[in-house]
There are 2 protein chains.
Amino acid sequence: MRKGSSHPTLLEVARLAGVGVGTASRAVNGGTNVSASTMRKVKSAIQQLGYMPNHAARVLKGGRAKTVGLLVPSISDYFFASCAEAAGRIAKAHDSLLIVAVTMNLSGAEISSLDVLMRHRPDGLLIVPSDPDNKELARCVRNSAVPVVTFDRPLFGSGCSSVITDNFEAARNATLHLIEHGYKRILCFSSEPDLYTIRERLRGYCQAMEEAGLPSLIDTSLDDTTLVSRLLAGHLKGRRPPDAVFTLKNSSTSAVVQALHQLRVSIPSRLALLGFDDFELAATLHPSISVVQQPIEDLGRKAAELLFEQLESHHGIKGFRKMKREPVVLANRLVLRRSCGCKEELARKDL
Amino acid sequence: MRKGSSHPTLLEVARLAGVGVGTASRAVNGGTNVSASTMRKVKSAIQQLGYMPNHAARVLKGGRAKTVGLLVPSISDYFFASCAEAAGRIAKAHDSLLIVAVTMNLSGAEISSLDVLMRHRPDGLLIVPSDPDNKELARCVRNSAVPVVTFDRPLFGSGCSSVITDNFEAARNATLHLIEHGYKRILCFSSEPDLYTIRERLRGYCQAMEEAGLPSLIDTSLDDTTLVSRLLAGHLKGRRPPDAVFTLKNSSTSAVVQALHQLRVSIPSRLALLGFDDFELAATLHPSISVVQQPIEDLGRKAAELLFEQLESHHGIKGFRKMKREPVVLANRLVLRRSCGCKEELARKDL
DNA sequence: ACGCGAATTGGAAACGTTTCCAATCATGTT
DNA sequence: AACATGATTGGAAACGTTTCCAATTCGCGT
């Protein structure tokens with residue numbers, strides 16, 4: 001801690017160790033072509049001075065920044081937070097730091113946040129695109145000069161690989177499960193129908209209903225509990241009320257559960273319920289809620305692993321573009337609890 | 001995007017604009033002492049080349065890194081995730097990026113994560129210390145040469161300011177509330193009794209019980225549901241069973257709720273429940289759970305604001321140490337729902 | 001036309017690394 | 001003993017900024 005608590009430089013280390021700056025540098029990194037005694041001297045000097053390599057200088061010189069950027073809609077959301085944590089673990093294992101920028105699902109904020117991220121010249125990028133068809137973002141990604149992996153949602157025309165779950169198939173199977181239970185009027189409920197994942201789930205639901213020759217009943221309102229409460233009351237008072245609800249996202253499931261509580265509608269006898277995305281208390285609620293469970297952490301983990309794979313193979317070669325381009329698709333799981341009418345709490349179906 | 005999609009430099013911009021590199025630099029930053037026409041030429045060149053300042057070079061030269069580091073135990077935890085998001089918003093408002101490192105509450109990982117963070121030479125640091133008495137960490141913070149703000153927990157001997165909630169007082173008031181309800185055998189349940197916040201809450205509970213002349217009943221087991229279930233069964237079968245439970249953290253509350261469900265113990269008639277920390281479905285569960293609600297986002301926001309305040313006032317002066325040193329204490333709130341025996345769902349008490 | 005501040009401009013130096021090249025050293029071979 | 005070989009070593013150059021200083025230009029009053 002010399003010189004007014006400012007950071008000591010490699011030059012100072014070298015001087016103290018009585019060696020050249022080049023030698024000191026080699027000693028710091030790996031130690032190729034450094035004699036044991038020199039190594040010792042340098043190490044001791046580093047200890048003494050509390051030397052810490054200046055990241056900025058390293059990056060400037062053209063080395064790995066040991067940094068990967070993550071662009072997500074939100075970080076307080078459990079889903080993305082878990083992905084981020086998993087990705088962060090992988091990054092750490094590669095001695096890198098994950099830096100996070102939040103977009104709030106606003107396509108506008110996306111580009112500007114990406115800019116802030118790029119200022120730090122990360123080695124690679126992990127992105128959850130708000131809109132898979134965002135041409136502007138795709139363009140940014142294409143000439144970003146670093147490998148990019150998308151997860152949870154693809155980014156068409158970006159040419160980067162992605163890790164997603166099969167939302168369509170999972171929703172289809174979940175709906176099919178409700179149909180097997182004998183429900184015929186299955187209401188599909190969700191907010192934010194414009195989101196890619198929601199659209200896919202909606203497709204899956206429609207496909208299943210069509211296969212079974214049943215009419216689709218769709219309501220894409222907000223997740224506001226009192227609103228949902230009023231809507232459901234309306235649906236239930238109709239001449240042909242629904243006998244089951246399939247919610248397409250976490251917050252919708254919560255909202256419906258709360259609404260049904262308020263309305264004193266019993267689950268599943270009066271109305272069955274199955275939701276997309278698991279949540280902490282799904283098993284604790286009364287009755288427990290059946291859900292499609294996504295391999296949340298695997299999403300973040302896989303995406304990060306894929307990115308580092310590209311990073312390794314990149315290594316100076318500009319050819320990192322020609323990696324596996326088809327998206328990696330992870331399997332979802334149908335966790336059957338009570339709210340759909342199942343008796344056995346433990347039945348699970350891999351999808 | 002000239003030259004093989006690599007990043008164009010300020011020099012190239014200057015050349016294209018037909019000006020000197022120094023002038024280009026001034027044009028990029030604020031534009032002091034740059035004529036309108038020059039400004040225009042440079043701006044146009046920047047557009048044309050898609051120039052983006054090289055952060056590393058800036059930092060190296062000694063400028064603001066426009067980066068603040070955040071060191072938290074976890075980021076998938078709702079509490080810290082929300083703090084992080086709030087802090088990130090403040091950072092963004094100051095045109096800075098928040099970089100996050102995760103410690104898992106391991107004091108060991110803390111120092112090393114801090115190192116990784118410091119490599120990026122952030123302008124300041126936001127820390128949630130695992131252990132307020134960690135001398136080693138305090139030392140690191142003291143000679144880190146940047147302003148540091150702690151939140152959720154203090155860091156004694158570090159000389160940095162902190163933002164916390166009054167865990168002691170909130171727990172005391174919550175316990176007092178249970179006592180007012182007439183409960184006499186109040187079991188205090190929580191895992192991780194070594195954590196500062198939990199200790200404070202424990203103190204608050206003990207203080208309240210002592211004030212009322214009641215005996216403290218404390219169980220600091222793990223949050224494993226089946227274990228909790230067995231423990232509670234034991235307590236309830238005892239000769240003087242508890243009539244209320246006060247849980248000191250989120251996961252403990254969940255575990256107890258689940259356990260009581262399994263045991264078919266009715267809340268609050270057989271056993272009342274009040275938990276520290278709100279959670280999403282607390283109002284939805286049956287019965288709704290009364291909780292102490294912390295101003296989560298305010299914690300992160302305030303901490304970040306305080307940090308930037310110090311950053312502004314710092315500005316080259318080494319005197320940033322002499323800021324307000326007493327911790328900022330935010331008020332908690334008692335949200336009374338049904339599980340404690342209250343009839344009115346809406347009653348709230350500011351603490 | 002001249003001079004004189006003020007405004008603007010160009011360019012060199014410096015920030016702390018890494019990397020390359022040439023130089024030195026130790027070692028073993030003929 | 002001379003020499004080749006390879007392992008170490010020191011130091012210069014370069015990375016892209018910012019900042020300072022000297023130089024140039026401009027506006028304008030005399």
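A, B, ... follow the sequence lines: proteins, then strands. Residue 1 opens every chain. Side chains included, hydrogens not; waters and symmetry mates left out as well; all remaining heavy atoms used.
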B/Gln48 and B/Val13: CA distance, side-chain angles, deciding distance, side-chain contact (heavy atoms from CB on, under 4.5 Å) verdict: CA-CA 9 Å; B/Gln48 226 170 115; B/Val13 170; over 6 Å; no
Looking at residues at least two apart in the chain, or sitting in another chain, which of them share a side-chain hydrogen bond (donor to acceptor under 3.5 Å, both in side chains) with B/Ser25? none
Set of residues satisfying side-chain hydrogen bond (donor to acceptor under 3.5 Å, both in side chains) with respect to B/Ser130, sequence neighbours excluded: B/Glu110
For B/Asp298, enumerate each residue passing the side-chain hydrogen bond (donor to acceptor under 3.5 Å, both in side chains) test, keeping only those at least two apart in sequence or located in another chain. B/Arg301
Which atom pairs link the protein and nucleotides 16-19 of chain D when you take only N or O atoms and keep those under 3.5 Å?
from   : atom 1 : to      : atom 2 : distance (Å)
D/dT17 : OP1    : B/Tyr51 : OH     : 2.8
D/dT17 : OP1    : B/Asn54 : N      : 3.4
D/dT17 : OP2    : B/Leu10 : N      : 2.5
D/dT17 : O5'    : B/Tyr51 : OH     : 3.1
D/dT18 : OP1    : B/Asn29 : ND2    : 3.1
D/dT18 : OP1    : B/Arg58 : NE     : 2.7
D/dT18 : OP1    : B/Arg58 : NH2    : 3.4
D/dT18 : OP2    : B/Ser25 : OG     : 2.7
D/dT18 : O2     : B/Lys61 : NZ     : 2.9

Please table the atom pairs, donor to acceptor, closer than 3.5 Å between any side-chain atom in residues 90-98 of chain B and protein atoms at least two apart or in another chain.
from    : atom 1 : to       : atom 2 : distance (Å)
B/Lys92 : NZ     : A/Ser113 : OG     : 3.0
B/Asp95 : OD1    : A/Arg119 : NH2    : 3.2
B/Ser96 : OG     : B/His94  : O      : 3.3

Verify the contact: side-chain N or O of B/Thr38 to OP1 or OP2 of C/dT9, cut-off strictly under 4.0 Å; return yes or no. yes
Name all residues meeting the salt bridge (charged side-chain N to carboxylate O under 4.0 Å, His left out) criterion together with B/Asp131; count only those two or more places apart in sequence or in a different chain, and write none if there are none. none
Taking five pairs at each end, how big is the angle between the two axes of the helix from C/dA1-D/dT30 to C/dT30-D/dA1, to 10°? 60°
Validation: residues 49-56 of chain B side-chain donor-acceptor distances under 3.5 Å, sequence neighbours left out:
from    : atom 1 : to      : atom 2 : distance (Å)
B/Asn54 : OD1    : B/Ala56 : N      : 2.8
B/Asn54 : OD1    : B/Ala57 : N      : 3.2
B/His55 : NE2    : B/Ala65 : O      : 3.1

Have a look at B/Val59 and say if it touches a base, only the backbone sugar-phosphate, or nothing, with a 4.0 Å heavy-atom cut-off. nothing
Apply side-chain hydrogen bond (donor to acceptor under 3.5 Å, both in side chains) to B/Thr103 and list each qualifying residue two or more places apart in sequence or on a separate chain. none
Please write out the pairs of protein N or O atoms and N or O atoms of nucleotides 22-26 of chain D separated by less than 3.5 Å, giving the distance to one decimal.
none

Donor-acceptor contact present, side-chain B/Arg142 to main-chain B/Gly157, <3.5 Å: yes
Would the distance check show the side chain of A/Asp123 and the main-chain N or O of A/Lys66 forming a donor-acceptor pair, the cut-off being under 3.5 Å? yes
Mind listing the side-chain donor-acceptor pairs of residues 71-85 of chain B below 3.5 Å, one per line with the distance, residues two or more places apart or on another chain?
from    : atom 1 : to      : atom 2 : distance (Å)
B/Ser74 : OG     : A/Glu85 : OE1    : 3.3
B/Ser74 : OG     : B/Ser76 : N      : 3.2
B/Ser74 : OG     : B/Asp77 : N      : 3.2
B/Ser76 : OG     : A/Glu85 : OE1    : 3.3
B/Ser76 : OG     : A/Glu85 : OE2    : 3.4
B/Asp77 : OD1    : B/Phe79 : N      : 2.8
B/Ser82 : OG     : B/Tyr78 : O      : 3.0
B/Glu85 : OE1    : A/Ser74 : OG     : 3.3
B/Glu85 : OE1    : A/Ile75 : N      : 2.8
B/Glu85 : OE1    : A/Ser76 : N      : 2.9
B/Glu85 : OE1    : A/Ser76 : OG     : 3.4
B/Glu85 : OE2    : A/Ser76 : OG     : 3.4

Which parts of nucleotides 23-28 of chain C does protein reach within less than 4.0 Å, heavy atoms only, written one letter per nucleotide 5' to 3' as B for base, S for sugar-phosphate only and - for none? ------
